[in-house]
S.K.: 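My questions will all concern the structure given below.
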Number of protein chains: 2
Amino acid sequence: MNEQLQPLKKPVRANKAGRSGTQDDIVYAHIFEAILEQRLAPGTKLSEEALGEIFGVSRTIIRRALSRLAHESVVLLRPNRGAVVASPSVEEARQVFFSRRMVERAITELAVQHATAEQLSELRQMVREERDSFSRGDRGAGIRLSGEFHLKLAEAAGNAPLVSFQRSLVSQTSLIIAQYESGNRSHCSYDEHMQLIDAIEAGDAQQAVSLMMHHMDHIDSKLNLDEESASDDLHAVFSHLLKKPKAAAKG
Amino acid sequence: MNEQLQPLKKPVRANKAGRSGTQDDIVYAHIFEAILEQRLAPGTKLSEEALGEIFGVSRTIIRRALSRLAHESVVLLRPNRGAVVASPSVEEARQVFFSRRMVERAITELAVQHATAEQLSELRQMVREERDSFSRGDRGAGIRLSGEFHLKLAEAAGNAPLVSFQRSLVSQTSLIIAQYESGNRSHCSYDEHMQLIDAIEAGDAQQAVSLMMHHMDHIDSKLNLDEESASDDLHAVFSHLLKKPKAAAKG
DNA sequence: TTTGCATTCTTTGTACACAAACGCATAATC
DNA sequence: GATTATGCGTTTGTGTACAAAGAATGCAAA
């Protein structure tokens, strides 16, 4: 029942090689991934004690992971009232998308100049995995990989502050998709991703930026940020006010 | 005895209820301000116990404040080796300035559209205080207010992710100025700030952006990022390799 | 039935104690 | 004499106990 995460029970202290070693990194990554894959719905309460129980660590570690997520606006940390998965409003969603367009444009231009052959190869590999995930029906993994693609592209641009900002924006975008995605859920982003890499590899900055902007348009068009009228949406809109957690189903 | 945190000895304002915000907010703000005003030099070690002693709180609070500062790349958190004030390299400085140009451009355009009369009035007040600080020789407060001006302008733009990013960039810029400012230290930024507000208030986006870009150029030109030859700079360059914290090596 | 208040109970906030890791210094060996 | 091994001291990392702040619930009164 409460032992789904057995592998984590043991103290994972392989810190010499620096392979995502510390415990709070692991906890952070797991919660982050759960949100990215939409296994944790917006508004879900994240109890420190419960998470500590699940991951087999004390509240200290959980608290640090939540703090980090809060700094990326992925969870909301309310004083004396605990943490919940953030529920971006329509206005917040618009702001995130505005910033993303700005950042993606800069990243694309920089990537054309700085991306190495190895990085482009890794990007292609990620797109293949993304495509495979969607084709075998694993939508959660697909969305996560799609986000990681944009993060990886930021790394290829070679600008550390942009990478940090992009991480935050990608996470929030995933939340927004979880909250506002319309019926048409055909995530064909991998095709656009591949074309984008082609343009970058060809050194065609203008074409690459154009493709990226269209890609942003497509993501945007899949959301219904304009309406927000149906009862379901109302529920989502007010979820940050609800006391009761959505009780995320454990896989 | 190695008292590395001498500069902080003075503000022992360990009031528990007086100031706004929680304790870790107060600690964060004080350290942040000390760095912004360059009372804490890059490379200075930030001992948890010493800071706890100074502020009259436990290491838990200090740790959280340092974690927050680390997330903004203002301090560097080395595992098992404590925190130091970050020492941006020339390359990191270039990346920060690239991002700042991008963000400031967007902020300026948005501010022309969204800034309210009240916000512009507050901005003017900040510029006046900045000018007064410089004119009475308080260079530290002047630099801090100059940074806060850019942060306030970001808030006037009305885009939350941009504000968050800008906060990180402004802090890092201050660090960079502390590390790389050339002999010509005439910070006449307040004049440019005032012209900028005029253009924004007039609704002249093109002029406002142009002024902002020139302002960025001026800040950039005051630094000697190209040379990095003096012994002081060499020291900064290798500070991340040094085991021993060279506290207060600033001349 | 509904509303206001008080008590209780759960959850978070803070401090502290203990354990582990790192750096430095000393010493021993080649 | 130089270099490496080892022990010690200091600093950080983690767990846990206790305190405080909300939230929920029950009771009483309108």
Side-chain angles (χ1 to χ4, degrees), chain A residues 8-28 31 43-70 75-85 239-245 247, chain B residues 1-5 8 14-28 31 43-70 75-85 238-247:
Chain A
L8 277 177
K9 281 277 179 173
K10 297 180 179 178
V12 191
R13 287 185 188 235
N15 32 359
K16 273 294 179 184
R19 46 159 300 176
S20 63
T22 61
Q23 296 183 1
D24 62 287
D25 281 332
I26 298 169
V27 172
Y28 166 84
I31 299 176
T44 306
K45 187 160 194 316
L46 301 169
S47 157
E48 294 181 2
E49 196 178 352
L51 288 170
E53 189 83 14
I54 290 168
F55 288 104
V57 296
S58 77
R59 282 176 43 216
T60 308
I61 311 296
I62 303 295
R63 177 172 283 264
R64 209 164 40 213
L66 291 177
S67 169
R68 226 170 121 189
L69 289 162
V75 312
L76 188 63
L77 225 54
R78 302 164 304 177
N80 291 313
R81 284 171 58 197
V84 293
V85 179
S239 65
H240 62 288
L241 298 175
L242 294 177
K243 269 72 181 176
K244 214 172 290 185
Chain B
M1 301 307 180
N2 25 2
E3 296 279 338
Q4 300 159 340
L5 288 166
L8 268 180
N15 52 355
K16 301 227 168 184
R19 277 177 77 110
S20 59
T22 58
Q23 292 184 347
D24 64 285
D25 282 331
I26 298 168
V27 172
Y28 166 85
I31 299 176
T44 306
K45 188 164 195 313
L46 301 170
S47 158
E48 294 180 1
E49 195 177 353
L51 289 170
E53 189 85 13
I54 289 167
F55 289 104
V57 295
S58 80
R59 281 175 47 215
T60 308
I61 310 295
I62 302 296
R63 176 172 282 264
R64 203 158 49 207
L66 291 177
S67 171
R68 226 169 120 190
L69 290 162
V75 313
L76 187 63
L77 226 53
R78 302 165 304 177
N80 291 314
R81 282 171 58 196
V84 294
V85 179
F238 294 122
S239 64
H240 64 288
L241 297 176
L242 293 177
K243 270 68 182 175
K244 208 176 296 181
K246 273 290 189 176

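Proteins get letters first, then strands, A, B, ... in listed order; numbering begins at 1 in each. Quantities reported herein were computed from a predicted structural model and do not represent experimental measurements.
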S.K.: Give the rounded distance in Å between these two atoms: CD of E48(A) and C1' of dT14(D).
M.R.: 15 Å

S.K.: Report the residue (P79(B) or P79(A)) whose heavy-atom-nearest nucleotide on DNA chain C is the more 5′ of the two.
M.R.: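 It is P79(A), whose closest nucleotide lies nearer the 5' terminus.
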
S.K.: Take the protein atom CD1 of I26(A) and the nucleotide atom C1' of dT14(D), then report the distance between them rounded to whole Å.
M.R.: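 So the CD1-C1' distance, I26(A) to dT14(D), works out to 14 Å.
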
S.K.: Check whether any side-chain nitrogen or oxygen of K45(A) sits under 4.0 Å from OP1 or OP2 of dA23(D), and answer yes or no.
M.R.: no

S.K.: Round to a whole Å and report the spacing from CD1 of I62(A) to P of dT12(C).
M.R.: 11 Å

S.K.: Whether R63(B) contacts dT12(D) is assessed here as follows: a side-chain N or O lying under 4.0 Å from the phosphate OP1 or OP2. Is that the case?
M.R.: no

S.K.: To the nearest Å, how far apart are E53(B) CD and dT12(D) P?
M.R.: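 After rounding, the reported distance stands at 14 Å.
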
S.K.: Using a cut-off of strictly less than 4.0 Å, decide whether R59(A) has a side-chain nitrogen or oxygen near OP1 or OP2 of dG15(D).
M.R.: no

S.K.: Could you walk me through whether R68(B) and D25(B) pass the side chain to side chain contact (heavy atoms under 4.5 Å, CB included) check?
M.R.: CA-CA 10 Å; R68(B) 226 169 120 190; D25(B) 282 331; 2.8 Å; yes

S.K.: Which listed nucleotide (dT12(C), dG13(D), dT14(C)) is nearest to the side chain of S47(A)?
M.R.: dT12(C)

S.K.: It should be established whether N80(A) places a side-chain nitrogen or oxygen under 4.0 Å from OP1 or OP2 of nucleotide dG22(D).
M.R.: yes

S.K.: State whether R64(A) places a side-chain N or O below 4.0 Å from either non-bridging phosphate oxygen (OP1 or OP2) of dT14(D).
M.R.: yes

S.K.: What residue among L69(A), V85(A), I26(A), I54(A) forms side-chain contact (heavy atoms from CB on, under 4.5 Å) with I31(A)?
M.R.: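 Answer to the side-chain contact (heavy atoms from CB on, under 4.5 Å) test with I31(A) among L69(A), V85(A), I26(A), I54(A): L69(A).
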
S.K.: Tell me, with the steps shown, if V57(B) and V27(B) meet side chain to side chain contact (heavy atoms under 4.5 Å, CB included).
M.R.: CA-CA 9 Å; V57(B) 295; V27(B) 172; 4.3 Å; yes

S.K.: Locate the shortest heavy-atom distance separating L77(B) from A83(B); write the atom from each residue and the value.
M.R.: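 Here L77(B) and A83(B) meet closest at CD1-CB, 3.4 Å.
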
S.K.: Show the nearest heavy-atom pair for residues A50(B) and S47(B), with the distance to one decimal.
M.R.: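 So the two residues come closest at N-OG, 3.2 Å.
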
S.K.: Can you tell me which nucleotide in dA15(C), dG23(C), dA23(D) comes closest to the side chain of R81(B)?
M.R.: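 Per side-chain heavy atoms of R81(B), the pick is dG23(C).
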
S.K.: Hey, which sits more toward the 5' end of DNA chain C by its nearest nucleotide, T60(A) or G82(A)?
M.R.: G82(A)

S.K.: Checking contacts here: which listed nucleotide (dT12(C), dT14(D), dG15(D)) is nearest the side-chain heavy atoms of V57(A)?
M.R.: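 Among dT12(C), dT14(D), dG15(D), the one nearest the side chain of V57(A) is dG15(D).
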
S.K.: I need the CD-P distance between E49(B) and dT12(D), as an integer number of Å.
M.R.: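 Those two atoms, CD and P, are 8 Å apart.
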
S.K.: Atom CD1 of I61(B) to atom P of dC16(C): distance rounded to whole Å?
M.R.: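 Interatomic distance, CD1 of I61(B) to P of dC16(C): 11 Å.
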
